[in-house]
Q: 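Handing you this structure, nothing more for now.
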Amino acid sequence: MVYDILILGSGPAGLAAAIAARGRDKSVLVIGNPWQDSPLAKAERVDNYPGLPGRTGLELLEELFRHAEALGTEFVTGRALSLLAWNGFSLTVGSQVYQGRALILAPGVVRQNKYPGESELLGRGVSYCATCDGMLYRNRPVTVVGLSPDAPQEANYLSGLGCQVVYVSPHQPWGLKEGIPYIKAGRLAVKGEQTVAGLEADGALLPCDGVFILRRAVAPTDLLPDLETEEGVVRVDRRMATNLPGVFAAGDCTGEPLQVSKAVGEGHVAALSACEYLDADP
Ligand SMILES: Cc1cc2nc3c(=O)[nH]c(=O)nc-3n(C[C@H](O)[C@H](O)[C@H](O)COP(=O)(O)OP(=O)(O)OC[C@H]3O[C@@H](n4cnc5c(N)ncnc54)[C@H](O)[C@@H]3O)c2cc1C
């Protein structure tokens, strides 16, 4: 199925966008980590959301989620790993691909300090997606940098393909297959000239052909390299349109103030603009 609108991110901005788009009768798929993953879930008391003072962040999120769900929004829980902008938009989650005619980016603030060598060797041995690129490294040594909860499963998948996997993470992994070596390390650097030669972990070099860096979220600019940003945030106009046709953005990813009411308002506007975009080209 090709959805009218794909929404990346299941926080207040993404959920508000879904509510507005369903109000215009568009088919909507929200792709995101579990909605409880939004940073808002950590707020013990939200006093600045107009009309609803004193709720916990979790309560507000749940009400937004239930509202979007009741209006017929569809949800896929998982990490979007790659995005193809051709003939609409195709977002990959695990081994599944989801298609839409317009896209709303609402991933929140993706905080990620890249490792030295990571950007330079992206696509030349560095990958963010085991499912997409694993086959390229069959029977070859790879390192998995596990920063997301599902990283051990991804490492197991690579091992099942025949990759010789070493798992590196600052945190003890849960669910890693027996036989996959685990190295606890936090200071990392990707090494290599034209292609990856290894991963340096706390000063020790682990020779390998591929480094899979598995974070909780992928920055929008890693998904859409042509997306324009300004001082680290997605550049949008008053319609929440980005520089790319059919791509809109809302919430913390567009900059300050990092607040729920702003995220919700922007999500609403982004959805209406996406509907206009679709209606102009039925
Ligand atoms: C402790 C704390 C307290 C706060 N208190 C308040 C308050 O009292 N009042 C207030 O107004 N604001 C508060 N905030 C700020 C508020 O939480 C944010 O402004 C708001 O959550 C932004 O909404 P958003 O939808 O833009 O992004 P987010 O809420 O960050 O949601 C984005 C979601 O998308 C997911 N995602 C990102 N990339 C991907 C990907 N590639 N694949 C799948 N999923 C992805 C993320 O995991 C996340 O779940 C607080 C924040 C914190 C941390």
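We count ligands from 1, going down the list as the structure has it; atoms in each ligand are counted the same way.
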Q: Answer yes or no: is there a donor N or O on one side and an acceptor on the other, between the side chain of Lys262 and the main chain of Gly255, under 3.5 Å?
A: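 Here the side-chain-to-backbone pair exists.
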Q: Under a 4.5 Å side-chain heavy-atom rule over Ile, Leu, Val, Met, Phe, Trp and Tyr, are Leu64 and Leu40 clustered together?
A: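 In one cluster with Leu64: Leu40, yes.
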Q: Can you tell me the protein heavy atom closest to atom 38 (N) of ligand 1 and the distance?
A: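 So the nearest neighbour among protein heavy atoms is Ala217 CB, 3.4 Å.
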Q: Pull out every atom of ligand 1 sitting under 4.0 Å from any heavy atom of Gln259, numbered as shown with elements.
A: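 What qualifies from ligand 1 is 10 (C), 11 (O), 12 (N), 19 (O).
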Q: How close does the nearest protein non-hydrogen atom get to atom 31 (O) of ligand 1, and which residue and atom is it?
A: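 Result for atom 31 (O) of ligand 1: Gly11 CA, 3.3 Å.
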Q: Are the charged groups of Arg66 and Glu63 less than 4.0 angstrom apart, N to O?
A: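 Salt bridge between Arg66 and Glu63, a charged N being under 4.0 Å from a carboxylate O: no.
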Q: Is the closest N or O pair between Ala13 and ligand 1 shorter than 3.5 Å?
A: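 Ala13 vs ligand 1: N/O contact under 3.5 Å present.
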Q: Of the side chain and backbone of Leu8, name the one, both, or neither that has a heavy atom under 4.0 Å from an atom of ligand 1.
A: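 It is the side chain that touches ligand 1; the backbone stays farther off.
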Q: Kindly confirm or rule out an N or O of Ala80 lying under 3.5 angstrom from an N or O of ligand 1.
A: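 Yes.
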Q: Should we count CZ of Arg24 as having more than 12 external heavy atoms under 6.0 Å?
A: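 Atom CZ in Arg24 is not crowded, with 12 or fewer foreign heavy atoms closer than 6.0 Å.
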Q: So, regarding Ile31 and ligand 1 (criterion: nitrogen or oxygen to nitrogen or oxygen, under 3.5 Å), is there a contact or not?
A: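 Between Ile31 and ligand 1, no N or O pair is found under 3.5 Å apart.
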Q: What is the closest protein heavy atom to atom 9 (N) of ligand 1, and at what distance does it sit?
A: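 So the nearest neighbour among protein heavy atoms is Asn48 OD1, 2.9 Å.
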Q: Quick one: look up the protein heavy atom nearest atom 28 (P) of ligand 1 and list residue, atom name and how far away it is.
A: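 Here the closest protein heavy atom is Pro39 CD, 3.7 Å.
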Q: One thing to verify: whether Asp222 and Lys114 come together as a salt bridge, which I'm taking to mean a side-chain N less than 4.0 angstrom from a carboxylate O.
A: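 Yes, this pair counts.
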Q: Could you tell me whether Arg79 and ligand 1 have an N or O pair separated by under 3.5 Å?
A: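 There is no such contact.
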Q: Can an N or O of Gly9 be found at a distance shorter than 3.5 Å from an N or O of ligand 1?
A: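 In this structure, Gly9 places no N or O atom under 3.5 Å from an N or O of ligand 1.
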Q: As a test of understanding, state which of Val144, Leu199, Ile213 forms a side-chain contact (heavy atoms from CB on, under 4.5 Å) with Val168.
A: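 By the side-chain contact (heavy atoms from CB on, under 4.5 Å) criterion, Val168 pairs with just one of Val144, Leu199, Ile213: Leu199.
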Q: Are the side chain of Asn156 and the backbone of Lys177 linked by a donor-acceptor contact shorter than 3.5 Å?
A: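 Answer holds: yes.
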Q: Using 0.5 Å steps for rounding, measure from the CD1 atom of Ile104 to the CD atom of Glu266.
A: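 With rounding to 0.5 Å, CD1 (Ile104) is 11.5 Å from CD (Glu266).
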Q: For ligand 1, which atoms sit closer than 4.0 Å to a heavy atom of Gly32?
A: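 Heavy-atom distances to Gly32 below 4.0 Å select 43 (C), 44 (N).
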Q: Examine the side chains of Tyr167 and Glu154 and answer whether a donor and an acceptor come within less than 3.5 Å of each other.
A: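 There is no such pair between these side chains.
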Q: How about Asn48 and Gln259: do any of their side-chain heavy atoms sit closer than 4.5 Å?
A: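 Result yes, sub-4.5 Å side-chain heavy-atom pair found.
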Q: Under a plain distance cut-off of 3.5 Å, with no hydrogens placed, do Ser82 and Thr92 share a side-chain donor-acceptor pair?
A: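 Present: a donor and an acceptor within the cut-off.
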Q: Test of understanding: clusters of I, L, V, M, F, W, Y form through side-chain heavy atoms closer than 4.5 Å, transitively. Do Leu147 and Leu122 belong to the same one?
A: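 Both belong to a single hydrophobic cluster.
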Q: Taking non-hydrogen atoms only, is Ala106 closer than 4.0 angstrom to ligand 1 via side chain, backbone, both or neither?
A: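 Contact part for Ala106 vs ligand 1: backbone (N, CA, C, O).
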Q: To the nearest 0.1 Å, how far is atom 5 (N) of ligand 1 from its closest protein heavy atom, and which atom is that?
A: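 Minimum-distance protein heavy atom for atom 5 (N) of ligand 1 reads Ala43 CB, 3.6 Å.
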Q: Quick one: does ligand 1 sit under 4.0 Å from the side chain of Leu15, the backbone, both or neither, non-hydrogen atoms only?
A: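 Neither; nothing of Leu15 gets under 4.0 Å from ligand 1.
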Q: For ligand 1, find out whether one of its N or O atoms is nearer than 3.5 Å to an N or O atom of Lys42.
A: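 There is no such contact.
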Q: Which ligand 1 atoms are under 4.0 Å away from a heavy-atom of Asp252?
A: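 The atoms of ligand 1 under 4.0 Å from a heavy atom of Asp252 are 18 (C), 19 (O), 20 (C), 22 (C), 26 (O).
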Q: Check ligand 1 against Gly78 and write out every atom of the ligand that is under 4.0 Å from a heavy-atom position of the residue.
A: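 With Gly78 as reference, the close atoms of ligand 1 come out as 42 (N), 43 (C).
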Q: With a cut-off of 4.0 Å, which atoms of ligand 1 are near a heavy atom of Leu258?
A: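 Those of ligand 1 that fall under 4.0 Å from Leu258 are 12 (N), 15 (C), 19 (O).
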Q: Could you list the atoms of ligand 1 found under 4.0 angstrom from a heavy atom of Gly251?
A: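 By the 4.0 Å cutoff, the relevant atoms are 26 (O).
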Q: How far is atom 23 (O) of ligand 1 from its nearest protein heavy atom, and which residue and atom name does that atom have?
A: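 Nearest protein contact, heavy atoms only, for atom 23 (O) of ligand 1 is Pro12 CD, 3.4 Å.
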Q: Is Arg124 atom CZ crowded by more than 12 heavy atoms from other residues, nucleotides or ligands, each under 6.0 Å away?
A: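 Yes, because the 6.0 Å sphere around CZ of Arg124 holds more than 12 heavy atoms from other groups.
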Q: Show the atoms of ligand 1 that are less than 4.0 angstrom away from any heavy atom in Leu40.
A: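 Counting atoms of ligand 1 from 1, those under 4.0 Å from Leu40 are 17 (O), 21 (O).
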Q: Can you tell me which residue and heavy atom of the protein come closest to atom 45 (C) of ligand 1, and the distance to 0.1 Å?
A: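 That would be Asn33 ND2, 3.6 Å.
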Q: With atom 32 (C) of ligand 1 as the reference point, say which of Ser38, Ser82, Pro107, Gly57 has the nearest heavy atom.
A: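 Minimum heavy-atom distance to atom 32 (C) of ligand 1 goes to Pro107.
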Q: Quiz question for you: does at least one protein heavy atom lie closer than 4.0 Å to atom 50 (C) of ligand 1?
A: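 No, there is no protein heavy atom closer to it than 4.0 Å.
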Q: Is any N or O atom of Ser261, backbone or side chain, closer than 3.5 Å to an N or O atom of ligand 1?
A: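 Ser261 vs ligand 1: no N/O contact under 3.5 Å.
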Q: If you have a sec, work out which protein heavy atom is nearest atom 27 (O) of ligand 1 and how many Å separate them, to one decimal?
A: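 Going by distance alone, atom 27 (O) of ligand 1 is nearest to Gly108 CA, 3.3 Å.
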Q: Going by side-chain contact (heavy atoms from CB on, under 4.5 Å), Leu52 matches just one of Leu60, Asp47, Val46. Which one?
A: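 Of the listed options, the one satisfying the test is Leu60.
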Q: With heavy-atom distances below 4.0 Å as the criterion, list the atoms of ligand 1 near Val260.
A: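 Contacts of ligand 1 toward Val260, numbered from 1: 10 (C), 11 (O), 12 (N), 19 (O).
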Q: When you compare ligand 1 with Asp47, is there at least one nitrogen or oxygen pair between them that comes in under 3.5 angstrom?
A: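 So ligand 1 has no N or O lying under 3.5 Å from an N or O of Asp47.
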Q: Are Asp4 and Arg22 within salt-bridge range, i.e. N to O under 4.0 Å?
A: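 Between Arg22 and Asp4 there is no salt bridge, as every charged N stays at least 4.0 Å from the carboxylate O atoms.
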Q: Against Leu224, only a single residue in Thr242, Asn243, Leu105, Leu84 fulfils side-chain contact (heavy atoms from CB on, under 4.5 Å); can you say which?
A: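 Result for side-chain contact (heavy atoms from CB on, under 4.5 Å) with Leu224: Leu105.
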Q: Does some side-chain heavy atom of Val211 sit less than 4.5 Å from a side-chain heavy atom of Lys191?
A: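 No, every pair of side-chain atoms sits at 4.5 Å or beyond.
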